[in-house]
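Read the structure below first, then the notes.
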Amino acid sequence: MENFNQVESDIISKIEKVTNRNSLDSIKTDIFGKKGIITELFKKISTLNQSQKKEYASKLNSLKIKVTNVLEKKIADFEQAEINKKLKNEKIDVTLPGRTHFSGKIHPVSQVIDEVTSIFSEIGFSVEEGPDIETEYFNFSALNTPENHPARDMHDTFYLDQSKDLLLRTHTSPVQIRTMLKDKPPFKIIAPGRTYRCDSDQTHSPMFHQLEGLHIDKNINMGHLKGCLYYFVKKFFEVEKVKMRFRPSHFPFTEPSAEVDIGYKIENGKIKVGEGDKWLEVLGCGMVHPNVLKNAKVNPKQYQGYAFGVGLDRLAMLKYGINDLRAFFESDIRWLEFYGFDPLDVPTNYRGLSR
Ligand code: PHE
């Protein structure tokens, strides 16, 4: 008969000496695996005669139970040690003061786009969009601006290829054509978006934002245009009265055409709207030229209307007292923290546009 006591103390001392989980697994195989010590002992049972079998089997079973218990305890010890180690390493000191960190703000231009969209949607305008990369046709020709027309130079166009077919749109007016070709009149849309011109100073940036407006229906006249713009400007600046002036101007795609300036003054280095004797041009507008309507498959004998293009960055400068346009696009986090808006304060007409 085997010396079970000896086997037991051998195995247990081996287990006790183990210092990591992996060697414990390999010892487990040495004991209970296919050719393991205890497995081999079990195999022997069949070679014993009846009288030996009973005692042998019962001793072997209790050996197996003891060894299993010791093994399981050792495994549990390792797991507990692992947990203790993690707890120690991942401990959070809740008494440490929090780090102040910048939580993200809405850029004044995004804020202004939300505000103007809210104002115009209340008087029946829907929102359209067009691509930043335009064709020469949509940006100029379809808008009654033939080749060699001085307006093409005045726009300081960024062309994207030698043939001058593709360009970065110089205004949002191509969205007028795209909108009209897509559908049937009447049209009452606004189109906010990025625009590009090779120009840079305190009030010009090579990338800037415009809002196009287009209203085409039967019997629309210049009075509707003025009414719409007065309404918009008053709502936007949240005042009863704003100094505004319409100057006769020229755009190939409108006839007659006008430019609109807003009165302001600078007080303590900040812009104040509605007072003072300085003027900032914010808008071009006019009655849509019959040729433009024709190019967009609209019959100018039946339908007329107005269009306008507003400089959104300039509106933001005026409303929020920012006097250098270039800072808008420098991504200076301190500037954004100061001039930015709370992401949860979505502008609406009934709750107020800005606070
Ligand atoms: N597209 C013109 C510009 O960028 C503005 C404008 C739009 C004028 C619509 C008239 C009508 O200067």
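Just follow the structure's listing: the first ligand is 1, and inside any ligand the first atom is 1. Residue numbers start at 1 and run along the sequence shown. Because only heavy atoms are used, hydrogens play no part in the values below, and waters and symmetry mates are left out as well, while side chains stay in.
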Would you say the side chains of [X] and [Y] form a donor-acceptor pair under 3.5 Å?
{"X": "Asn61", "Y": "Ser58", "answer": "no"}
{"X": "Glu212", "Y": "Ser173", "answer": "yes"}
{"X": "Asp217", "Y": "Tyr303", "answer": "no"}
{"X": "Ser205", "Y": "Asp313", "answer": "no"}

Inset, instruction - Report yes or no: does Lys319 contribute a side-chain atom to a donor-acceptor pair with the main-chain N or O of Phe236 at less than 3.5 Å? - result: yes
Legend entry - Phe253, portion touching ligand 1 at heavy-atom distance under 4.0 Å: side chain
Under 3.5 Å between any N/O of [X] and any N/O of ligand 1: does that happen in this structure?
{"X": "Ser173", "result": "yes"}
{"X": "Thr170", "result": "no"}
{"X": "Gln210", "result": "yes"}

For [X], take its heavy atoms, then give the atoms of ligand 1 lying under 4.0 Å from any of them.
{"X": "Ala307", "result": "9 (C), 11 (C)"}
{"X": "Arg197", "result": "3 (C), 4 (O), 12 (O)"}
{"X": "Cys285", "result": "8 (C), 10 (C), 11 (C)"}

Inset, instruction - Can you label the angle between the Phe246 ring and the Tyr230 ring as parallel, tilted or perpendicular, going by 30° and 60°? - result: tilted
Inset, instruction - May I ask whether Tyr306 places a heavy atom under 4.0 Å from ligand 1? - result: no
Inset, instruction - Compute the minimum heavy-atom distance from His250 to ligand 1 and say whether it is under 4.0 Å. - result: no
Inset, instruction - Could you list the residues that satisfy ring-ring contact (aromatic ring centres under 6.0 Å, His included) with Tyr264, not counting sequence neighbours? - result: none
